[in-house]
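This report refers to the structure that appears directly beneath it.
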Amino acid sequence: MKIMLPADSKMHSKAFTFGVATASFQIEGAVDSRLPCIWDTFCATPGKIRDNSDGSQACEHVKLWREDVDLIESLGVDAYRLSISWPRVMHKDGSLNPQGVAFYTDLLDELNRRGIKTFVTLYHWDLPQHIEDNGGWLNRETAYLFADYADKITQAFGDRVYSYATFNEPFCSSYLGYEIGVHAPGLATKAFGRQSAHHLLLAHGLAMKVLQKNSPNSQNGIVLNFTPCYSATDSAADVEAASKADQYFNQWYIKPLFDRCYPEIINDFATEDMPVIEQGDFDIIAQPIDFLGINFYTRAVYKADPVTGFSQIDMVDKPKTDIGWEIYPQSFTDLLTSLHALYPLPPIYITENGAAMDDKLIEGKVDDQDRLEYYNAHLNAVNNAIEQGVNVVGYFAWSLMDNFEWAEGYLKRFGIVYVDYETQKRTLKASAHAYRDFISARK
């Protein structure tokens, strides 16, 4: 199977950016050369990671980065999206760690030497544990510590970086980490979820000011994840439930960026669940951004619930990925066109899209036709949104290689490159070959 788009698709142009993406904790390993982070602590807590694994080795990218750059180049991509490990580049006293900084500057220099644009995420969930010990994202001061980190590391990187994202998926950090506790740091209080979200967005705004000062020539923005919310039936109650879920899980993180307020659902909160918002916070949060990164994997379907207002229903008998997420490409188009209608969006990069599949390495090959079908359908869904006027300018496959998949450990494989964790051998899957062939055929 090949990746096939309409002949007149704008995505056939070399002006459209294609890339692959990773994140520091998921691939780097080399735990001994950085400070502990909240995911180290979470992994060491019994019962939190499905296979009882951790990120101490992962894909040994710190050791094997040169080979990994060869791998990236072999795919013919325009760009590579990576994240910086805050605990790798900063000492506890807030000064830069020269060893950690050198790792990234060497990596960035080599990518640039090969003509691969670097898309750097400053925060992909690995908060230094000593900051969490002082309250983490529940502590307003952490937003200012993040801005300081952004200031120092962007000065150190100079003009090496094509694009900066302040955060990857603040929803996951706040809701999964502080509200329901399935991600680090494992706290589970509604008020914690909403307060941490506010401080993450505040940190984004503070850091955007720093980025525009220190790195005015790079594309600077934020990466948000969206799971479009559909109603189980056409009943007024279910439609309202889906709307409330959308406000709670999706619009909560984007509306403040453009409208300087949270969605209406905040008016339903009990007093004890309301985040503390100081005067001027929304003006800080709503800094102009050069791009919006959008991560998409699946949709969710909701029905009315008399207690919570909305509850998600399982789409039985629908096609799903190996992680249990429904495959519904139309919702990708629906998401992009709806956001385009709601907000004055800057150019959009699809910063993550992909699928976990039950890959099998057989005689040195991984014939992941299921993942290839997913990519083909979702790239066409993006194209459909572009045809309807949405300004999407790039697409990153998640992920470059199999890696530590957070609470799933190493049980789920999202990579277009297969990783044998025992030997660290990388093997291009059928999806990688197809992605490479599609990219190289552009005019």
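Among residues two or more places apart in sequence or in another chain, the ring pair (Phe, Tyr, Trp, His ring centres under 6.0 Å) test is passed with Y80 by none. Residues passing the salt bridge (Lys or Arg N to Asp or Glu O under 4.0 Å) test with E169: none are found, sequence neighbours excluded. The ring pair (Phe, Tyr, Trp, His ring centres under 6.0 Å) test applied to F249 returns Y175, F310, not counting sequence neighbours. Listed by chain and number, the residues in a ring pair (Phe, Tyr, Trp, His ring centres under 6.0 Å) with Y375 amount to none (sequence neighbours excluded). Partners of E387 according to the side-chain hydrogen bond (donor to acceptor under 3.5 Å, both in side chains) rule, which considers only residues two or more places apart in sequence or in another chain, are N383. For S173, the side chain to side chain contact (heavy atoms under 4.5 Å, CB included) partners two or more places apart in sequence, or in a different chain, are Y123, W125, L200. Shown here are the ring pair (Phe, Tyr, Trp, His ring centres under 6.0 Å) partners of Y343, two or more places apart in sequence or in another chain: F258. K117 meets the side chain to side chain contact (heavy atoms under 4.5 Å, CB included) test with T17, A79, F119, Y162; sequence neighbours excluded. Partners of A232 under the side chain to side chain contact (heavy atoms under 4.5 Å, CB included) rule, at least two apart in sequence or in another chain, are D238, V301, K303, I313. Every salt bridge (Lys or Arg N to Asp or Glu O under 4.0 Å) that K360 has, sequence neighbours left out, goes to D358.
Proximity of a side-chain donor or acceptor of N376 to a complementary backbone N or O of M4 within less than 3.5 Å is detected. Between the side chain of R160 and the main chain of F157, a donor-acceptor pair closer than 3.5 Å is present. Using a distance-only test at 3.5 Å, with no hydrogens or angles considered, a donor-acceptor pair links the side chain of R81 to the main chain of T351. Side-chain atoms of N168 never come within 3.5 Å of backbone atoms of V223 as a donor-acceptor pair (strictly under, hydrogens ignored). Not a single donor-acceptor pair under 3.5 Å links the side chain of S215 to the backbone N or O of L211.
By the 30° and 60° cut-offs, the orientation of the rings of F18 relative to F16 is tilted.
A salt bridge between R442 and D78 is present, with a side-chain N of the basic residue lying under 4.0 Å from a carboxylate O of the acidic one. For the pair K209 and D151, the salt-bridge criterion is not met [side-chain N within less than 4.0 Å of a carboxylate O]. Using a cutoff of 4.0 Å between basic side-chain nitrogens and carboxylate oxygens, E73 and R114 are scored as salt-bridged.
Among the candidates R413, R371, K412, the single residue satisfying the salt bridge (charged side-chain N to carboxylate O under 4.0 Å, His left out) test with D359 is R371.
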N/O donor-acceptor pairs under 3.5 Å from side chains in residues 23-30, not counting sequence neighbours:
residue	atom	partner	partner atom	Å
S24	OG	S83	OG	3.0
S24	OG	D126	OD2	2.8
Q26	OE1	W406	NE1	3.3
Q26	NE2	N403	OD1	3.1
Q26	NE2	F404	O	2.9
Q26	NE2	E405	OE1	3.4
E28	OE1	R88	NE	2.8
E28	OE1	R88	NH2	3.3
E28	OE1	Y104	OH	3.3
E28	OE2	Y104	OH	2.5

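No side-chain N or O of T337 forms a donor-acceptor pair with one of Q388 less than 3.5 Å apart.
Each side chain to side chain donor-acceptor pair (under 3.5 Å) pair with one or both residues in residues 58-67, not counting sequence neighbours, appears once here: H61-D68.
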